[in-house]
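We number each residue from 1, following the sequence as shown.
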Amino acid sequence: LKGEIDLYPSDRFTIEAILESMGKTIYAVKSLLNIKTDLLYFAFNKKVSDDLIVDFQAAIDQTKEDGTLKKLTEKYLKTSDYPDVLQVYTEQYPPLTFRDVKGEITGFGTDVVREIMERNNTYATIRLSSWSNGYQLALSNPNFCLFTMDRTTIRENLFQWVGPIGTNTTWLFIKAGSGKSIASLDDAKKLASIGAVNSWFSTQYLLQQGFINLVYADQPAELVEKLMKGEIDAFVCSDVTFPDILRDAGYNYSDVTPAFSFMSSDYYIAFSNSTPSELVKIWQSTLDAMKSDGIYNSIHQKWFP
């Protein structure tokens, strides 16, 4: 609270207890990023009938829609942050998705998702998370949306897909003037270390190709710092997002060199496999309509003039 550090990682209830001991409230701090999320459920014995469980779930969804769960959360947990019927998560990945200087979650992908929700009278909260956290949640939870996600062979059957909403090319970037040379993936395997973000599609691809020299982090900014300090030889990232990631970290694109491009892919809005397919179809048809009526192009032009 004295401003001697910029960030403090903690779960809400721990930080709230610490603040209370200092005579402060939770409003003395602001949550910027979900590093790890645990969603709480009611669990039933497997012998309980499916009909009863469906009715119970419908009743819980109703408390979310009519405001009852919000009131209970505020009363007992002193927060209005509760899970919506549809969970929508994204990551800090500018210019596709990110939190701006005003604290608002924005970006090209965010604008597309918000337009889809508005056209369907769906107003779920968009939560900013580390990619690895959001990815694990999307693998295991129903009614879960995660964007933007590159659609790859590894992921094809793990999720349901709405899109595509864009295309990017993935590069191995090196520090300018480092003297490193990468002409193939075999060359890249000979490097001492390559920065890779946990659960990114590019990381999954390199692992599939047998890379054992990857250095992992949850946030790309951590790996940018390592690259610029010479702690890693290269960093794998897409051409769409890397300029913004560099700028946010205080560097210029001229500080790096795109050394080798090894894949191009389309990115989508992804839904967990346990999300009703009818919802996914509605989102896809809405996106198709946006492309037909010109709104999608307007959003794209806003972010990629």
Side-chain angles (χ1 to χ4, degrees), residues 1-44 56-57 59-94 97-107 110 123-146 195 197-199 215-226 229 231 245 248-250:
L1 292 177
K2 295 179 180 179
E4 296 176 357
I5 56 174
D6 296 321
L7 299 170
Y8 182 72
S10 178
D11 66 86
R12 175 184 173 85
F13 298 109
T14 299
I15 192 66
E16 190 169 1
I18 294 172
L19 288 167
E20 185 176 352
S21 70
M22 299 169 61
K24 304 287 185 179
T25 70
I26 192 65
Y27 300 106
V29 297
K30 183 177 182 180
S31 174
L32 294 178
L33 180 73
N34 291 336
I35 299 174
K36 179 73 167 62
T37 304
D38 294 306
L39 297 176
L40 304 180
Y41 286 81
F42 288 98
F44 289 82
F56 199 92
Q57 182 65 58
I60 292 176
D61 291 344
Q62 183 61 40
T63 68
K64 296 177 180 181
E65 293 170 352
D66 65 19
T68 300
L69 184 61
K70 180 177 185 290
K71 292 178 182 177
L72 292 172
T73 303
E74 290 173 342
K75 177 180 179 180
Y76 291 104
L77 302 181
K78 312 303 181 185
T79 177
S80 58
D81 185 17
Y82 65 95
D84 296 304
V85 175
L86 175 66
Q87 298 292 296
V88 183
Y89 273 61
T90 189
E91 66 169 332
Q92 183 74 13
Y93 198 51
T97 58
F98 64 101
R99 191 186 299 278
D100 64 18
V101 294
K102 296 180 181 179
E104 300 294 328
I105 298 175
T106 185
T110 304
Y123 300 100
T125 300
I126 298 175
R127 291 177 169 83
L128 195 70
S129 167
S130 67
W131 180 256
S132 57
N133 180 54
Y135 190 84
Q136 292 304 315
L137 290 170
L139 283 173
S140 57
N141 288 279
N143 301 311
F144 201 94
C145 171
L146 179 63
V197 175
N198 286 316
S199 298
V215 174
Y216 304 101
D218 280 338
Q219 298 301 321
E222 296 178 43
L223 296 170
V224 168
E225 290 295 337
K226 288 182 180 294
K229 293 177 180 178
E231 296 175 2
I245 292 171
D248 290 348

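- Every residue was checked against the ring-ring contact (aromatic ring centres under 6.0 Å, His included) condition with Tyr41, not counting sequence neighbours, and none meets it.
- Side-chain atoms of Phe98 and Ile105, non-hydrogen and from C-beta on, never get closer than 4.5 Å to each other.
- For Glu222, there are no salt bridge (charged side-chain N to carboxylate O under 4.0 Å, His left out) partners, not counting sequence neighbours.
- When atom types are taken as modelled, the side chain of Gln92 and the backbone of Arg99 share a donor-acceptor pair closer than 3.5 angstrom.
- Taken to the nearest 0.5 Å, the NZ atom of Lys71 stands 11.0 Å off from the OH atom of Tyr82.
- Using a 4.5 Å heavy-atom cutoff, the side chains of Leu223 and Lys226 are in contact.
- Residue Leu39 holds its CG atom at 5.0 Å from CG of Asn141, rounded to the nearest 0.5 Å.
- Using modelled atom types, one side-chain atom of Asp100 and one backbone atom of Gly103 make a donor-acceptor pair closer than 3.5 Å.
- Between the side chain of Thr63 and the backbone N or O of Thr68, no donor-acceptor pair lies under 3.5 Å.
- A donor-acceptor contact shorter than 3.5 Å is absent between the side chain of Asp61 and the backbone of Val85.
- The closest side-chain heavy-atom distance from Leu128 to Thr90 is below 4.5 Å.
- The heavy-atom pair separating Ser140 from Gln136 by the smallest distance is OG-O, 3.1 Å.
- Taking Ser129 as the reference, Asn34, Tyr89, Asn133 meet the side chain to side chain contact (heavy atoms under 4.5 Å, CB included) condition, with sequence neighbours excluded.
- Put simply, OG1 on Thr79 and CD on Glu74 are 8.0 Å apart, with the number rounded to the nearest 0.5 Å.
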Evaluation steps, side-chain contact (heavy atoms from CB on, under 4.5 Å), between Trp131 and Tyr93
CA-CA 9 Å; Trp131 180 256; Tyr93 198 51; over 6 Å; no
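- Between the CD atom in Glu91 and the CD atom in Gln219 there is a gap of 8.0 Å [rounded to 0.5 Å].
- When all heavy atoms of Ala124 and Leu86 are compared, the pair lying nearest together is CB-O, 3.5 Å.
- Atom CG of Asn198 is separated from atom OG of Ser132 by 5.0 Å, given to the nearest 0.5 angstrom.
- What you find for Pro94 and Asp248 is that their closest heavy atoms are CG-OD2, 3.5 Å.
- Residues satisfying the salt bridge (charged side-chain N to carboxylate O under 4.0 Å, His left out) test with Lys64, not counting sequence neighbours, are none.
- Take Asp81 and apply the salt bridge (charged side-chain N to carboxylate O under 4.0 Å, His left out) test, not counting sequence neighbours, and it matches Arg127.
- Taking the side-chain hydrogen bond (donor to acceptor under 3.5 Å, both in side chains) definition, one finds that Glu104 meets it with nothing, sequence neighbours left out.
- Looking at Leu137 and Leu146, their side chains never come closer than 4.5 Å, going by heavy atoms from C-beta outward.
- A distance of 13.5 Å separates CG of Asp84 from OH of Tyr123, quoted to the nearest 0.5 Å.
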